[in-house]
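As structure tokens, the structure follows; a few thoughts come after it.
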Amino acid sequence: MSERQIFANLLRSCSKNLLFEQGLQAHGAVVKTGLGFDLMLNNDLVDMYGKCGRMELACAVFDRMIERNVVSWTALMCGYLQNGNANGSLSLFRKMGSSGIKPNEFTFSTNLKASGILGTPENGMQIHSFSAKTGFEWVPAVANSIIDMYSKCGRISEAARMFNAMPVRNLISWNAMIAGYTLEGNGDRALLLFRKMQEQGEIPDEFTYTSTLKACSGLGAMQEGTQIHASLITRGFPYSVQIASAGALIDMYVKCGHLIKARRVFDQIDAKNVISWSALILGYAQEGNLVEAMDLFRQLRESTYQVDGFVLSGLMGVFADFAHVEQGKQMHAYTIKVPSGLDISVANSMVDMYLKCGLTNEAERLFGEIPVRNVVSWTVMITGYGKHGLGKEAINLYNRMLAENIEPDGVTYLAVLSACSHAGLIKESQEYFSRLCSDRWIKPRVEHYACMVDLLGRAGRLKEAKNLIENMPLKPNVGIWQTLTSACRVHGDLEMGMEVGEILLRLDGDNPVNYVMMSNIFAEAGHWKDCERIRETVKRKGLKKEAGRSWVEIDKEIHFFYNGEDNHPLTKRIHEVLKEMEKRIKEKVGYNHGVRFALHDVEEESKEESLRVHSEKLAIGLALVCGGLDNEEKKVIRIFKNLRVCGDCHAFIKGLSKVLKVVFVVRDANRFHKFEGGFCSCGDYW
DNA sequence: CTAGGGTTAG
């Protein structure tokens with residue numbers, strides 16, 4: 001074997017096994033032997049450095065080469081791609097074109113993959129047609145990459161067209177198409193294709209299984225998932241395959257609500273990895289079992305596996321949802337100690353957590369410290385401002401984002417529109433909505449229309465709101481009708497309320513929330529008979545609405561309350577304080593029980609009584625008992641509620657904030673309410 | 001030198 005061939009083999013082995021130090025030594029030896037200008041060896045060097053994550057060295061070799069062929073260029077592109085720089089690969093692709101070198105199938109595959117990662121179809125389409133012109137389109141690897149590119153760019157129909165037109169399909173073609181449907185959220189189609197490929201004699205591999213399991217997760221299809229699990233075992237795949245699919249398998253059971261089975265799979269895998277750990281931890285956490293989740297997380301930390309950004313951001317998201325500030329802060333402290341704490345998704349999830357816990361200043365500080373913010377970072381912040389009723393600030397932030405050349409996406413528009421909605425900025429919202437409609441790449445969704453309906457409804461422009469729903473190009477969903485119904489209630493438009501309510505009940509007649517809304521409309525209008533009729537229906541159908549639950553954190557401990565609950569050790573004191581407060585508010589601000597809100601609890605018998613024990617009041621009572629009555633300046637009491645805060649409680653807290661020198665921040669299912677000096681930041685519309 | 005996968009932030 002020639003010396004040159006020996007070096008090539010050595011370099012390829014370093015590349016494959018990521019042996020940077022040895023590769024560096026081999027590089028030195030190549031130069032010493034006088035082979036420093038050999039084309040093939042230089043290509044291998046570019047590849048080796050790229051694989052080892054040393055792009056500066058890969059570029060240096062590439063720049064010093066006296067001749068370059070298509071392999072040299074493609075190797076460098078792969079380096080960029082594998083080091084997370086898809087744009088780098090694409091711009092190199094363009095440069096290669098202008099230097100007169102023709103791409104081959106490898107160049108096409110690489111850059112199609114890069115386009116898929118960027119997720120915007122323009123680049124990919126160009127490369128697709130380029131490959132067609134140069135006769136590479138139907139080379140299997142290229143065609144597969146085109147399918148992958150289109151499905152990652154949200155052009156599933158293009159992907160399917162390609163797939164159907166392929167003269168020869170291999171396993172990878174099937175996998176790419178199945179993954180595409182799964183990604184699109186069309187799990188049914190994915191499973192259909194999975195069956196079809198087996199009918200045609202194709203044997204699934206680990207990638208097929210992970211994709212189809214993911215499809216089952218999305219569908220909540222436990223039966224299909226279990227079948228796939230079974231065939232994974234009966235086909236006798238080697239361990240490596242089971243490991244690769246374990247994360248998806250556990251996640252499937254988690255998403256189907258079967259934690260016990262998920263746990264069983266986890267316990268049965270000999271070789272776990274960080275993904276199987278994360279899937280299970282987040283499963284427990286999202287279910288509300290934080291004790292088990294955190295215990296597993298501790299075990300993960302103490303294990304040899306590296307905690308990654310996925311599990312950190314996932315847990316942070318759970319703390320945000322449950323408003324567990326203390327846990328969130330502790331996790332924040334932990335992220336500073338681990339490398340994955342620097343992940344952008346972790347930073348974003350922390351900003352979101354602070355915002356959802358009502359600590360706006362902390363969120364702002366953290367947001368300012370993110371070195372490279374992406375569209376999610378900005379959207380989180382805009383959403384947060386919006387929920388705090390800070391519409392102007394949200395819009396300012398949005399403009400700053402545009403100034404920094406960050407492209408908004410559909411969620412960003414949702415954040416801006418809902419910020420306008422919470423702050424009542426109608427003119428502004430119409431401007432942004434028309435911008436959205438004329439955006440080339442973003443399609444308005446029902447949720448965007450719902451924001452506009454909410455805005456118009458809030459302004460009392462109910463006819464316009466109804467018109468918008470009836471004329472929108474999308475199929476109205478339950479949520480958007482609920483928005484309109486609720487606006488009818490606020491403005492006391494009985495006629496439209498009944499009309500819209502009928503639509504709502506036809507569409508979603510088993511949701512107690514809809515009946516509550518209807519009975520409220522009738523109650524507002526004094527139609528007690530109709531109100532009674534609705535109540536009867538709810539009883540007859542046996543519908544139960546989600547139980548109202550509030551919580552408050554006191555001395556790093558969270559106390560939960562359900563409506564009418566009386567098993568807290570301090571219950572007696574809580575009721576005493578609430579009674580006392582009620583008296584003081586009645587004297588000072590003439591507060592009275594608003595019976596109009598009593599129907600939030602359709603199952604309750606006594607309205608007065610049910611109001612007095614709403615969970616948010618109990619939580620506030622406890623906070624007051626535990627030192628909230630000190631009446632010191634700048635005292636803030638934070639309360640969280642799973643549903644929307646009821647109107648009576650809202651009035652009560654407003655009164656409290658006037659009687660006491662306390663600021664109350666209440667996060668409900670919709671937004672934040674900041675009560676200060678007898679006023680609420682929501683302007684009494686919520 | 002090349003194609004496919006698992007947990008994940010708004």
Side-chain angles (χ1 to χ4, degrees), chain A residues 12 15 40 43-44 46-48 50-51 69-79 81-82 103-113 116 139-149 151-152 170-180 182-183 205-214 217 241-252 254-255 273-283 308-318 320 340 343-353 355-356 374-384 409-412 414-415:
Chain A
R12 281 166 208 182
S15 165
M40 180 184 76
N43 287 345
D44 286 330
V46 171
D47 170 56
M48 183 274 295
K51 285 278 191 308
N69 61 9
V70 60
V71 177
S72 334
W73 285 89
T74 308
L76 193 62
M77 291 175 202
C78 284
L81 195 60
Q82 276 151 9
N104 65 10
E105 66 264 45
F106 297 105
T107 327
F108 280 118
S109 285
T110 306
N111 288 288
L112 284 162
K113 189 178 177 191
V139 174
V142 176
N144 290 340
S145 301
I146 294 172
I147 295 175
D148 177 55
M149 179 275 294
S151 54
K152 290 223 169 75
N170 60 19
L171 177 60
I172 295 161
S173 324
W174 289 95
N175 284 351
M177 204 57 228
I178 291 174
T182 305
L183 191 71
D205 69 356
E206 71 233 64
F207 297 109
T208 328
Y209 283 116
T210 40
S211 274
T212 45
L213 283 168
K214 206 181 162 194
S217 298
V241 176
Q242 290 188 31
I243 295 164
S245 302
L249 198 52
I250 293 168
D251 186 54
M252 184 273 294
V254 163
K255 295 267 162 63
N273 62 8
V274 65
I275 295 167
S276 37
W277 278 89
S278 306
L280 191 65
I281 291 174
L282 295 177
D308 68 4
F310 284 100
V311 67
L312 289 179
S313 53
L315 279 172
M316 206 63 82
V318 173
S340 54
D343 284 13
I344 181 77
S345 59
V346 176
N348 291 344
S349 68
M350 286 200 288
V351 172
D352 187 49
M353 183 274 294
L355 283 168
K356 286 196 176 137
N374 64 11
V375 61
V376 177
S377 328
W378 290 93
T379 307
V380 165
M381 211 54 212
I382 294 169
T383 306
D409 63 14
V411 189
T412 319
L414 210 54

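Chain letters run A, B, ... following the sequence lines, proteins first, then strands; residues in each count from 1. Predicted model only: the values in this text are computed from it and were never measured.
Residue A/Ile172 is in base contact, counting any heavy-atom pair closer than 4.0 Å across all strands shown. A/Ser313 comes within 4.0 angstrom of sugar-phosphate atoms only, judged by non-hydrogen atoms across all strands, and of no base. Using a 4.0 Å heavy-atom criterion, one finds that A/Asp409 contacts the bases of the nucleic acid, with or without backbone contacts as well. Contact annotation for A/Ser173: no contact, since no heavy-atom pair falls under 4.0 Å across all strands. Residue contacts for A/Ser145: at a heavy-atom cut-off of 4.0 Å it reaches the sugar-phosphate backbone alone, with no base atom in range. The residue A/Asn170 sits close to a base: some heavy atom pair falls under 4.0 Å. Residue A/Val411 is classed as a base contact, given a heavy-atom separation below 4.0 Å to a base. Residue A/Asn144 is classed as a base contact, given a heavy-atom separation below 4.0 Å to a base. Within 4.0 Å of A/Asn104, counting heavy atoms only, lies no atom of the nucleic acid at all. Nucleic acid contact for A/Val375: base, since at least one base atom lies under 4.0 Å from a heavy atom of the residue.
Side-chain proximity of A/Lys152 to the nucleotides B/dT7, B/dG10, B/dG5 is greatest for B/dG5. The side chain of A/Asp251 sits closest to B/dT8 out of B/dC1, B/dT8, B/dA9. Here the side chain of A/Phe106 is nearest to one of B/dG5, B/dG10, B/dC1, namely B/dC1. Relative to the side chain of A/Thr74, the nucleotides B/dC1, B/dG4, B/dA9 differ in distance, and B/dC1 lies closest. In this structure, of B/dG4, B/dC1, B/dG6, it is B/dC1 that holds the atom nearest to the side chain of A/Cys78. In the set B/dC1, B/dA9, B/dT2, B/dA9 carries the atom at the smallest distance from any side-chain atom of A/Ser345. Looking at the side chain of A/Phe310, the nearest of the listed nucleotides B/dA9, B/dT8, B/dT2 is B/dT8. For A/Phe207, counting side-chain heavy atoms from C-beta on, the closest listed nucleotide (B/dC1, B/dG4, B/dG10) is B/dG4. Closest to the A/Ala75 side chain, of the nucleotides B/dG6, B/dC1, B/dG10, is B/dC1. Which of B/dA9, B/dG5, B/dT2 sits closest to the side chain of A/Ser211 comes down to B/dG5.
Proximity of A/Lys214 to the phosphate of B/dT8: no side-chain N or O atom is located under 4.0 Å from OP1 or OP2. Using a 4.0 Å cut-off, some side-chain N or O of A/Lys51 falls inside it from OP1 or OP2 of B/dT2. Within the structure, a side-chain polar atom (N or O) of A/Lys255 is placed less than 4.0 Å from OP1 or OP2 of B/dT8.
Looking at A/Ser278, its side chain comes within 3.5 Å of the base of B/dT7 through a donor and an acceptor atom. In terms of polar N and O atoms assigned as donor or acceptor, the side chain of A/Asn374 comes within less than 3.5 Å of the base of B/dA9 in a complementary pairing. In this model, a side-chain donor or acceptor of A/Thr379 finds a partner on the base of B/dG10 within 3.5 Å. In terms of polar N and O atoms assigned as donor or acceptor, the side chain of A/Asp205 never comes within less than 3.5 Å of the base of B/dG5 in a complementary pairing.
For the pair A/Leu249 CG and B/dG5 P, the computed distance is 19 Å after rounding to whole Å. Atom CG in A/Leu282 sits roughly 8 Å away from atom P in B/dA9 (whole-Å rounding). The distance from atom CE of A/Met353 to atom C1' of B/dT8 is 17 Å, rounded to the nearest whole Å. Protein atom CD of A/Glu105 is 12 Å distant from nucleotide atom P of B/dT2, rounded to whole Å. Rounded to whole angstrom, the span from the OH atom of A/Tyr209 across to the C1' atom of B/dG4 amounts to 16 Å. What separates CG of A/Asp352 from C1' of B/dG10 is a distance of 7 Å, to the nearest Å.
One N or O on the side chain of A/Ser173 and one on the backbone of A/Asn170 form a donor-acceptor pair closer than 3.5 Å. Proximity of a side-chain donor or acceptor of A/Asp343 to a complementary backbone N or O of A/Val346 within less than 3.5 Å is not detected. Put simply, the side chain of A/Asn111 gets close to the backbone of A/Thr107: a donor and an acceptor are under 3.5 Å apart. Panel note: side chain A/Asn43, backbone A/Val46; no donor-acceptor pair is recorded below 3.5 Å.
Listed by chain and number, the residues in a side chain to side chain contact (heavy atoms under 4.5 Å, CB included) with A/Ser349 are A/Ser313, A/Met316 (sequence neighbours excluded). Judged as a side chain to side chain contact (heavy atoms under 4.5 Å, CB included), and not counting sequence neighbours, the contacts of A/Ser145 are A/Ser109, A/Leu112.
Using a cutoff of 4.0 Å between basic side-chain nitrogens and carboxylate oxygens, A/Lys214 and A/Asp251 are not scored as salt-bridged.
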